[in-house]
Amino acid sequence: MDILKEIVGKTIGRIEGLEVESQFVDIYFTDNTKLGFTHWQSCCEHVALNDFELTTSLDKIVGGVINDAREDIGEAGCDGWESFTWTFYNINTSKGCINMRWLGTSNGYYSENVDLELAKTN
């Protein structure tokens, strides 16, 4: 199941947590679902939103229909004792784009991935 393919055609109702160093970003849709970007931290790891870019203001993107969404795993490597992984999310809507860059670091023994979950809301 490719969660990002499942959100194509959905309309954005609101977005929460879109700020640098956030560990949780939620995109709520008008069909009472939400897409959560997160990582449940464990010892010796850290995964958070490192940076983001909008092609227009956030309040203008709300109400946009998602045309395309993709994930790209960027450079992964090791710098001394620390391992790192860049993960990029590009969400293209009818009203603008959201580009997120997440950075995961660890001692090399823990996950550095962003977890995605599509869930029903009330």
Side-chain angles (χ1 to χ4, degrees):
M1 168 175 76
D2 187 352
I3 290 176
L4 293 178
K5 287 183 181 179
E6 290 184 42
I7 67 170
V8 172
K10 291 182 180 281
T11 302
I12 296 175
R14 74 179 189 275
I15 300 174
E16 295 180 356
L18 191 62
E19 55 193 55
V20 173
E21 282 302 310
S22 177
Q23 294 179 2
F24 304 93
V25 175
D26 292 320
I27 300 176
Y28 290 85
F29 302 106
T30 57
D31 67 353
N32 295 321
T33 60
K34 79 168 182 172
L35 176 62
F37 298 80
T38 189
H39 180 87
W40 298 104
Q41 306 294 337
S42 191
C43 171
C44 305
E45 66 180 22
H46 181 73
V47 178
L49 182 61
N50 183 264
D51 194 14
F52 67 92
E53 180 180 295
L54 305 171
T55 58
T56 188
S57 65
L58 187 58
D59 56 329
K60 288 184 181 177
I61 289 176
V62 170
V65 176
I66 295 184
N67 299 320
D68 184 47
R70 73 176 196 272
E71 173 190 72
D72 295 307
I73 305 295
E75 181 179 346
C78 188
D79 181 17
W81 67 272
E82 189 171 76
S83 172
F84 60 90
T85 302
W86 290 101
T87 307
F88 303 90
Y89 292 97
N90 301 297
I91 300 171
N92 181 357
T93 79
S94 60
K95 294 188 170 189
C97 297
I98 305 166
N99 300 309
M100 294 183 279
R101 180 174 61 178
W102 291 74
L103 175 61
T105 60
S106 78
N107 64 4
Y109 294 103
Y110 295 90
S111 172
E112 300 165 1
N113 297 327
V114 179
D115 299 318
L116 301 181
E117 181 182 20
L118 186 60
K120 282 295 234 181
T121 60
N122 293 333

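When all heavy atoms of Ser22 and Gly17 are compared, the pair lying nearest together is OG-O, 2.9 Å. Scanning all heavy atoms of the two residues, the minimum distance from Val47 to Gln41 falls at O-NE2, 3.0 Å. Ile61 and Thr56 make their closest contact through CG1-CG2, 3.5 Å (heavy atoms, listed as atom of the first residue, atom of the second, distance). Residues Glu71 and Leu4 share a closest heavy-atom pair of N-CD1, 3.5 Å. Nearest heavy-atom pair, Gln23 versus Ala48, reported as atom, atom and distance to 0.1 Å: CG-CB, 4.1 Å. Looking at every heavy atom in both residues, Ser106 comes nearest to Glu112 through OG-OE2, 2.8 Å.
In this structure, Ile98 CD1 and Ile12 CD1 are separated by 4.5 Å, a value rounded to the nearest 0.5 Å. Taking OG1 of Thr93 as the reference point, atom CD1 of Ile7 lies at 10.5 Å (rounded to 0.5 Å). One distance of note links CE of Met100 with CG of Leu49; it measures 7.0 Å at 0.5 Å rounding.
Screening residues 10-25 for salt bridge (Lys or Arg N to Asp or Glu O under 4.0 Å) gives Lys10-Asp31, Arg14-Glu16 as the qualifying pairs, with residues at least two apart or on separate chains.
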**Request:** Would you sort out whether Leu54 and Lys60 count as a side chain to side chain contact (heavy atoms under 4.5 Å, CB included), showing the intermediate values?
**Result:** CA-CA 10 Å; Leu54 305 171; Lys60 288 184 181 177; over 6 Å; no
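Note on ring orientation: taking the six-membered ring where Trp is involved, the planes of Phe37 and Trp102 are parallel (angle under 30°, cut-offs 30° and 60°).
Of the possible donor and acceptor atoms, none in the side chain of Thr121 sits under 3.5 Å from a partner among the backbone N and O of Lys34.
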